[in-house]
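First up is the structure itself, then whatever we jot down about it.
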Amino acid sequence: KLAKTISVNGKTFETSESHTNVTPSIIALTSRSLHLNESHPVGILRSMIEKKLNSIDGAYKTYNEFEPVVTVEENFDSLGFPVDHPGRSKSDTYYINSKHLLRTHTSAHEMECFGNIKNKITDKPGFLISADVYRRDEIDRTHYPAFHQMEGARLWVRDKNLTSEGVGKHILQIREDVANLEQQLQAEKTRLIVQDDASLEGNPKQDYMTDLEVELCTRHLKRSIELVVAQVFNKKLESLGDVKQELKVRWIKAYFPWTAPSWEIEVWWKGEWLELCGCGLVREQVYLNAGYEPGTTIGWAFGLGLDRIAMLLFEVLDIRLFWTTDPRFKNQFKPGEVTSFKSYSKYPGTVRDIAFWLPDDEPRLPAIHENDLMEIVRNTAGDLVESVKLIDTFVHPKTGRKSLCYRVNYQSMDRNVTNEEINTFQEKVRTDLAALYGVELR
Ligand code: PHE
């Protein structure tokens, strides 16, 4: 049943029985490039952030057209992901074959971009990479198998010759860079109230960096991200007519295999903490993988999710809208402008349940993962499904067999869906579930 080859954006790849799990509906998304569309919320936000970060010293080269297919090495190995990391599994990641996958994050391009600095292909000490990324995941209003990230990174080449102060020249440079950022942050209309305990307990620094280097790089990283947050949210607060323009943010410790120490920043928005971005000081191994000599560079990287922020900024409540081609959506946005989306008539949804017994022991067939069910529903109904939720689990007291019940909400963003269509979808989902995973339908 599996085709011998598949092509993604005009490039052809061999498939593999053991790995290929990417489907035509997912491949279709790879040519959309919403982040390049200057009149799309994701593209408007991308542009805004690029301009802001480059307004200070123009230090960032932008890469916005990397192909979505990358190697396992680029996406995981070069970043030090352990071999048994769950992110590598077929239930989380779309594989093209055993060597290629759809990137799960823009960090997949870090090694190449650091290499470009090392090889003097660019003379800028930083970069911003924006791209579509892909993850197998649940289906609801805030999750979609494709979304967008912006990767940012900045590095400084170490100077071993000491100044009269007893430090390398790079230290003076970072100090100056930090001072520029702090000045810019002061000038922003939105004031951030920052919670940051700054302790490195349980979030250790790398041995190859001095305490002073860690302190300065960290300040540069955090102030850069705070600047982005202040600008992005300023647009929103202004459009809401907020006069105080204060925003609470907090830095919390995090873990990523390729940064140490690592953090996440969260913003207090509408009564809850919203995660915006993961970041940290780049592990030396990544620089070595990119061709640098030991001990020669220090710096940071961040990865920012664009879709969630764009949803909040433009007041788009369902992430599927980003992918619609309906002119009533597309025509509402203009380059460089943050406007609130006015929802057009919402079509009613229809709920259907699917219940089944899990097979006791069916060695011929793969065990079913929740994301496999999501994929079947998505392949059948595409964007006509709003959400799929587990609503009941039941273990039979005598036999010990387990039964699951999922509720599917069929609802379109741009038209009415008929009962006949839904019956056909529902029947297909049930047949596929039984055939592929041997479950017993109820
Ligand atoms: N790639 C990470 C993610 O997708 C974010 C990140 C980027 C973290 C760069 C640290 C450094 O969650």
Side-chain angles (χ1 to χ4, degrees), residues 35 42 46 49 53 60-63 66 68 70-82 85-89 92-94 101-115 117 126-137 142-155 200 203-206 209 214 217-218 220-226 228-229 251-267 273-287 289-290 297-310:
H35 64 291
V42 172
R46 190 245 335 131
I49 301 177
L53 280 171
Y60 302 91
K61 174 170 171 60
T62 55
Y63 298 90
F66 278 128
V70 300
T71 61
V72 172
E73 192 205 351
E74 291 169 307
N75 200 83
F76 296 121
D77 301 339
S78 72
L79 298 166
F81 275 77
H85 193 281
R88 292 183 185 249
S89 74
D92 286 21
T93 296
Y94 290 107
L101 48 77
L102 293 180
R103 71 184 148 230
T104 65
H105 57 177
T106 42
S107 305
H109 302 292
E110 275 192 17
M111 180 171 70
E112 177 174 347
C113 295
F114 283 130
I117 302 177
F127 55 79
L128 300 172
I129 309 163
S130 297
D132 40 335
V133 302
Y134 298 80
R135 290 185 201 172
R136 295 184 91 211
D137 211 335
T142 60
H143 289 87
Y144 201 75
F147 55 102
H148 302 82
Q149 289 187 325
M150 181 188 286
E151 193 87 3
R154 178 82 176 242
L155 65 73
L200 292 184
N203 197 14
K205 77 172 196 66
Q206 302 171 68
M209 291 178 73
V214 171
C217 283
T218 303
H220 194 276
L221 166 62
K222 288 181 174 173
R223 298 302 90 80
S224 300
I225 295 172
E226 287 167 9
V228 168
V229 173
W251 287 102
I252 50 178
K253 292 182 180 109
Y255 178 81
F256 303 101
W258 65 101
T259 53
S262 309
W263 300 273
E264 270 161 6
I265 187 169
E266 296 183 334
V267 57
W273 288 108
L274 186 85
E275 186 194 316
L276 295 181
C277 159
C279 64
L281 304 191
V282 175
R283 277 195 193 268
E284 184 173 34
Q285 189 59 49
V286 181
Y287 296 132
N289 294 346
T297 49
I298 57 175
W300 55 250
F302 70 72
L304 195 107
L306 293 172
D307 304 66
R308 295 275 174 87
I309 304 176

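Note that this is a predicted model, so its numbers are computed, not measured. Basis for what follows: all heavy atoms, side chains included, without hydrogens, waters or symmetry-related copies. Note that the numbering runs from 1 along the sequence shown for the chain. Both counts, for ligands and for their atoms, begin at 1 and track the order of listing.
Expressed to the nearest 0.5 Å, how far CD1 of Ile129 lies from SG of Cys113 amounts to 3.5 Å.
Taking the six-membered ring where tryptophan is involved, the planes of Phe81 and His85 are perpendicular, since the angle between them exceeds 60° and thus also 30°.
Side chain to side chain, Arg135 and His143 fail the donor-acceptor criterion of an N or O pair below 3.5 Å. Looking at Trp273 and Glu264, their side chains never bring a donor and an acceptor atom within 3.5 Å of each other.
Contact residues for ligand 1 (protein heavy atom closer than 4.0 angstrom to any ligand atom): His105, Ser107, Glu110, Arg135, Gln149, Glu151, Phe256, Trp258, Thr259, Gly278, Cys279, Ala301, Phe302, Gly303.
Judged purely by atom type and a 3.5 angstrom limit, Arg103 uses its side chain to pair as donor or acceptor with the backbone of Phe66.
Between Thr104 and Phe76 the shortest side-chain heavy-atom distance falls below 4.5 Å.
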